[in-house]
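Predicted model only: the values in this text are computed from it and were never measured. Atoms considered below: every heavy atom in the structure, side chains included; atoms not considered: hydrogens, waters and symmetry mates. Counting from 1, the numbers follow the sequence of the chain as shown.
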Amino acid sequence: MPIDFEVTMNEYLPLRDVVFNTLRRAILRGELKPGERLMEIQLANKLGVSRTPIREAIRKLELEGLVLMIPRKGAEVAEITEKNLRDVLEVRCALEELAVQLACDRIDREELGKLQAAADHFRDVLDSDDITLIAQADEAFHDVIFTATNNGRLIQLLNNLREQMYRYRIEYLKKKECYPQLLAEHRSIIEAIESHDKEKATAITGQHINNQVDTVVGTLRHRDEE
């Protein structure tokens, strides 16, 4: 998957921040793969910048745990670990369970229509084999629920986690055998919200995320055994 550098360029940000955001997004979205080496000269040439902002970006990415500095090898993209996965998705689960509870109280008919449309769109793109498109459609479904909470602070917190969650969402959506279960869970979430059943909505949402944890953990353990 090529790195989409162009769309991330922002003339209002310092160059070092543009480079950092671009590389960070590429790692989190799987465009730069776990274990892949980050070659300063190659990245500088692709971005059309000097090596200095590349080096600064790599240092910041190391502080975030997204890059490892390997003796005699240099920088490489950090592997996805079970600990990081569980940490991120535990927080996501708590926030999304709260979101779905608030949505049960506050969603209106128009937003319910948007939620059903988002679920239909997700179903329709599953045959595309475009993981990025599928992940975006899955995000869009959950975004309707977040918007329905009418809680700006909660939405902000979820948005702050968006990129970190995306890395694991991509890993999950690579498993096509999970698609029927995903579709069923989306349907059940809609039904629970429409009937204002907080208990059911919370339980389904928690299971929805736990299934993602179990699937990705299984993938990670399988890789470790190879």
Candidate pair V125 and D130, rule side-chain contact (heavy atoms from CB on, under 4.5 Å), full reasoning:
CA-CA 8 Å; V125 301; D130 184 336; over 6 Å; no
So N151 and R106, side-chain contact (heavy atoms from CB on, under 4.5 Å) or not? Walk me through it.
CA-CA 10 Å; N151 185 314; R106 301 174 182 176; 4.3 Å; yes
Could you walk me through whether H186 and R123 pass the side-chain contact (heavy atoms from CB on, under 4.5 Å) check?
CA-CA 10 Å; H186 283 183; R123 179 200 62 211; over 6 Å; no
Given the rule in the side-chain contact (heavy atoms from CB on, under 4.5 Å) test, do V213 and Y168 qualify, once you have shown the distances and angles that lead to the verdict?
CA-CA 8 Å; V213 174; Y168 308 121; over 6 Å; no
List the steps, then state whether salt bridge (charged side-chain N to carboxylate O under 4.0 Å, His left out) holds for E171 with R167.
CA-CA 7 Å; E171 286 297 313; R167 197 180 194 197; over 6 Å; no
Let me see the working for T202 and Q101 under side-chain hydrogen bond (donor to acceptor under 3.5 Å, both in side chains), right down to the final yes or no.
CA-CA 7 Å; T202 302; Q101 290 167 19; 3.1 Å; yes
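In this structure, the side chain of S195 engages the main chain of A192 through a donor-acceptor pair within 3.5 Å. Side chain of N210 to backbone of G206: a donor-acceptor contact under 3.5 angstrom is found. At distances below 3.5 Å, at least one donor-acceptor pair connects side-chain atoms of H196 with backbone N or O atoms of C104. Under the 3.5 Å distance criterion, the side-chain polar atoms of E111 are matched with a main-chain donor or acceptor of D108.
For E76 and K33, the salt-bridge test fails: no basic side-chain N is under 4.0 Å from an acidic carboxylate O. Ionic pairing of R86 and E90 is not present here: no N-O contact between side-chain nitrogen and carboxylate oxygen is shorter than 4.0 angstrom. Salt-bridge check for D143 with R162: passed, with a basic side-chain N closer than 4.0 Å to an acidic carboxylate O. Using a 4.0 Å cut-off between charged nitrogen and carboxylate oxygen, E56 and K60 do not count as a salt-bridge pair. Note on E82 versus R221: salt bridge recorded, some NZ/NE/NH1/NH2 to OD/OE distance being below 4.0 Å.
Within 6.0 Å of the CZ atom in R55, the count of heavy atoms belonging to other residues, nucleotides or ligands exceeds 12. Heavy atoms of other residues, nucleotides or ligands lying less than 6.0 angstrom from CD1 of I41 number 12 at most.
The closest side-chain donor-acceptor pair between Q156 and N160, if any, does not fall under 3.5 angstrom. Residues Q116 and D120 bring a donor and an acceptor atom of their side chains to less than 3.5 Å of each other. A donor-acceptor contact closer than 3.5 angstrom is absent between the side chains of Q164 and R92.
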Tabulate below the donor-acceptor pairs under 3.5 Å that side-chain atoms of residues 176-183 make, not counting sequence neighbours, or state none.
residue : atom : partner : partner atom : Å
K176    : NZ   : D129    : OD1          : 2.4
Y179    : OH   : L173    : O            : 2.6

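We find the OH-CG distance between Y172 and D214 to be 9.0 Å, quoted to the nearest 0.5 Å. Taking CG of L158 as the start and OG1 of T149 as the end, the distance is 8.0 Å to the nearest 0.5 Å. Atom CD of Q212 is separated from atom SG of C93 by 10.5 Å, given to the nearest 0.5 angstrom. For the atom pair CD (E64) and CZ (R24), the distance works out to 4.5 Å, reported to the nearest 0.5 Å. Atom CD1 of I193 sits about 12.0 Å away from atom NZ of K198, to the nearest 0.5 Å. One distance of note links CE of M165 with CG of L85; it measures 12.5 Å at 0.5 Å rounding.
Under the 4.5 Å side-chain heavy-atom criterion for Ile, Leu, Val, Met, Phe, Trp and Tyr, M69 and I54 are members of the same hydrophobic cluster. Cluster membership check: L133 shares its hydrophobic cluster with I131, using side-chain heavy-atom separations under 4.5 Å among Ile, Leu, Val, Met, Phe, Trp and Tyr.
Contact record, I107 with A148: CG1-CB, 3.8 Å, taken as the closest heavy-atom pair. The minimum heavy-atom distance between E96 and I209, with the atom names listed, is CB-CD1, 4.0 Å. Heavy-atom minimum distance, A118 versus F141: CB-CA, 3.7 Å. In this structure, T147 and I155 approach most closely via the heavy-atom pair CA-CD1, 4.0 Å. Closest approach of E79 and P34 over heavy atoms only: OE1-CB, 3.3 Å. Looking at every heavy atom in both residues, R169 comes nearest to E139 through NH1-CG, 3.3 Å.
F146 is not listed as a side-chain neighbour of L154, based on a closest heavy-atom distance of 4.5 Å or more. Taking the side chain as every heavy atom from C-beta outward, L38 and L43 approach each other to under 4.5 Å. Within the 4.5 Å cutoff, no side-chain heavy atoms of L66 are placed close to those of V77. Within the 4.5 Å cutoff, the side chain of N150 has no heavy atoms near those of the L102 side chain.
For the side chain to side chain contact (heavy atoms under 4.5 Å, CB included) with I80, the qualifying choice from I170, L220, T219 is L220, the only one to do so.
For L68, the side-chain contact (heavy atoms from CB on, under 4.5 Å) test picks out I70, A78, with sequence neighbours left out.
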